[in-house]
Amino acid sequence: MVEPLRVVHYLNQFFGQIGGEEKADAAPRLHQGPLGPGLLLQERLGERGRVVATVICGDNYAAERQETAGEVLALLRGLEFDAFVAGPAFNAGRYGLACGSLCAAVREARGVPCVTGMFAENPAVEQFRRRAYIVRSGSTAREMAQAMEAVTALLLKLAAAPDETGVQAGGLAVSPEADGYFPQGRTVNVVGDRLAAARAVEMLLARVQGRPFHTEIPLPAPGRVPPAPALRELRGACLALVTEGGLVPAGNPDGLVGARASSYRAYSIAGLGSLRAGAYESVHRGFDTSAVNADPNRIVPLDAARQLEAEGVFGKLHETYYVTSGCATWIESSQAMAAGIAAELRRNGVDGVILTAT
Amino acid sequence: MRCGAAMARELERQGIPTALVATLVSTALTVGANRIVVGTGIQHPLGNPKLSAEEERRQRRRLLECALQSLTTDLQEQRVFEAAAA
């Protein structure tokens, strides 16, 4: 007989039966045994597990304080447990952030399987799906039963795997498709039953014959966005130069990485008429940089931009150019960097951007 | 390249018109850039070491003019802009 799994459950003030919005500032507390949705969790676990404790914390408290995860870990310090469940949080934003960050923190600190559940559009999904198992749920607590069923099933599978990340010989014990959680962006080697060539030909045939098929390498496609309104006129416009070509001052003084970048750099071009060879270099690791090192204007076209500016074709050039390395860089990182740059551009009254890519 | 297209997409999403000068047009379209200006090469998007210095400068200027044109063009959907030939 396998020992029952000792499970700790996290709930917000509402599901934890402390109160409503007026108790959203409640600090984390520990309750012995299951509570609220934890009773359902206990029922699903049956004899395979036991909800030994419930952590309850107010939504505002958890969402507003970075240190909440540390406080919850401190509460759990003396407690022995084998698995952690949070929520499910459905489409609740603050609750989702708490569930996601606690699953990530408990998994990292205690090395036990941690599972939560959320609606696809909960912002915490994007934030934590790489670090936590987040099962797809409906948008409201009306779908508690199905959500808890999926959470429990995944938790038991992870607990039975030799590693809390679900990794076992030959691949993963669990998969986003089979177990209904949001993909974590990991690449895992598995041994297929047929050679890649046979699978590829089969996919190709399915495609030309109009039959359904599943790619083995899905590429992220973030989807279209409506075009930004055009500039009404150029003569008064302030424009900025941005590049993903990795062009930095010679010697790379601020240590921009050449691949998988998650941050950008900003360099002044005030008073410069062009970018001088030798004063700049590209640290991008995804293309032969000799041509842009020989003439950096080939990737950050300052010389031509200054000419057009001097002729009054457009108003003025923003005095800073922004750079990162677009080599094996995550779409999410790219968007985050662009959001950071956009904030700087807006502060500086920039109207439009010329962004160069390799 | 994918990174640049994703950055252009985000800047556009935030309402800042952005001309993406790039050579891999199909990737730019797939990832969701809106104003795509066809560059002169992956290793030198705005230049060409094979041209004379004078020709190269003229070409770079034409590419920037094309980028400026894309910024002042009202769009309903993605569009690929090509600089006039020399």
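Excluded from the calculations below are hydrogen atoms, water molecules and symmetry mates; all remaining heavy atoms, backbone and side chain alike, are included. Every chain is numbered from 1 and lettered A, B, ... according to where its sequence line falls, protein lines coming before strand lines.
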Exercise. Side chain, backbone, both or neither: which part of B/Glu56 has a non-hydrogen atom closer than 4.5 Å to chain A?
Worked result: side chain
Problem set entry | Option that, when pairs with chain B are counted at under 4.5 Å, heavy atom only, ranks first among A/Asp303, A/Thr289, A/Ile299, A/Val292 | A/Asp303
Exercise. In Å, rounded to the nearest 0.5 Å, how long is the span from CG of B/Leu63 to OG1 of A/Thr356?
Worked result: 11.0 Å
Problem set entry | Largest heavy-atom contact set with chain A, pairs under 4.5 Å, which of B/Arg13, B/Arg58, B/Arg9 | B/Arg9
Exercise. Hey, is CZ on A/Arg199 packed in by over 12 heavy atoms from elsewhere, all under 6.0 Å?
Worked result: yes
Exercise. Hey, what do you get for CG (B/Leu46) to CG (A/Asp295), rounding to the nearest 0.5 Å?
Worked result: 10.5 Å
Exercise. Between B/Cys3 and A/Gly326, what is the shortest heavy-atom contact and its length?
Worked result: CB-CA, 3.5 Å
Exercise. In this structure, are over 12 heavy atoms from other groups packed under 6.0 Å from A/Glu233 atom CD?
Worked result: yes
Problem set entry | Donor-acceptor contact present, side-chain B/Arg61 to main-chain A/Gln307, <3.5 Å | no
Seminar exercise, completed: Max heavy-atom pairs within cutoff under 4.5 Å with chain A, candidates B/Thr40, B/Leu24, B/Thr18, B/Leu75, goes to B/Thr18
Exercise. Is there a side-chain contact between B/Asn34 and A/Val225, using heavy atoms and a 4.5 Å cut-off?
Worked result: yes
Exercise. For the residue pair B/Gly15 and A/Pro229, what are the closest heavy atoms and their distance?
Worked result: O-CD, 4.2 Å
For this session: Side chain from CB out, backbone as N, CA, C, O: work out which of these in B/Arg35 comes under 4.5 Å of a heavy atom of chain A, or both, or neither.
Result: side chain
Exercise. Can you name the nearest heavy-atom pair linking A/Val353 to B/Leu71, along with the distance?
Worked result: O-CD2, 3.8 Å
Seminar exercise, completed: Scored by heavy-atom pairs under 4.5 Å with chain B, the best of A/Ala338, A/Ala261, A/Ala294 is A/Ala338
For this session: Could you look at B/Thr73 and say if it's the side chain, the backbone, both or neither that has a heavy atom under 4.5 Å from chain A?
Result: backbone
Exercise. Does B/Glu10 reach the main-chain N or O of A/Gln335 with its side chain, forming a donor-acceptor pair under 3.5 Å?
Worked result: no
Seminar exercise, completed: Rounded to the nearest 0.5 Å, the OG1 atom of A/Thr243 sits from the CE atom of B/Met7 at a distance of 9.0 Å
Seminar exercise, completed: Most contact-rich option vs chain A, by heavy-atom pairs under 4.5 angstrom, among B/Ala67, B/Ala19, B/Ala22, is B/Ala19
Seminar exercise, completed: In short, B/Arg60 meets A/Ala304 closest at the heavy-atom pair CG-CB, 3.8 Å
Problem set entry | Nearest heavy atoms of A/Gly352 and B/Ile16, plus distance in Å | CA-CG2, 4.1 Å
Exercise. Okay, side chain of B/Arg2, backbone of A/Thr329: is any donor-acceptor separation there less than 3.5 Å?
Worked result: yes
Exercise. Which atoms form the tightest heavy-atom contact between A/Phe314 and B/Leu68, and what is the distance?
Worked result: CD2-CD1, 4.1 Å
Exercise. Does a side-chain heavy-atom distance below 4.5 Å link A/Leu345 with B/Gln14?
Worked result: no
Seminar exercise, completed: Output for pair (B/His44 NE2, A/Asp288 CG), nearest 0.5 Å, gives 9.0 Å
Exercise. Hey, which of B/Pro17, B/Gly47, B/Ala8, B/Ala28 has the most heavy atom pairs under 4.5 Å with chain A?
Worked result: B/Pro17
Problem set entry | Polar side-chain atom of B/Glu12 near backbone of A/Pro227 as donor-acceptor pair, under 3.5 Å | no
Exercise. Under 3.5 Å, side chain of A/Glu244 to main-chain N/O of B/Met1, donor-acceptor pair present?
Worked result: yes
For this session: Hey, could you give me the CD1/OG distance between A/Ile354 and B/Ser70, rounded to the nearest 0.5 Å?
Result: 7.5 Å
Exercise. Considering only heavy atoms, which portion of A/Ser333 lies under 4.5 Å from any heavy atom of chain B: side chain, backbone, both, or neither?
Worked result: neither
Seminar exercise, completed: Counting heavy-atom pairs under 4.5 angstrom with chain B, the leader among A/Met337, A/Arg232, A/His284, A/Arg346 is A/Arg346
Exercise. Any donor and acceptor pair, going by atom type alone, linking the side chain of A/Arg224 with main-chain N or O of B/Glu77 inside 3.5 Å?
Worked result: no
Problem set entry | chain B contact via A/Val313 - which portion, at a heavy-atom distance below 4.5 Å | side chain
Exercise. Are more than 12 heavy atoms from other residues, nucleotides or ligands located less than 6.0 Å from atom CD of A/Glu311?
Worked result: yes
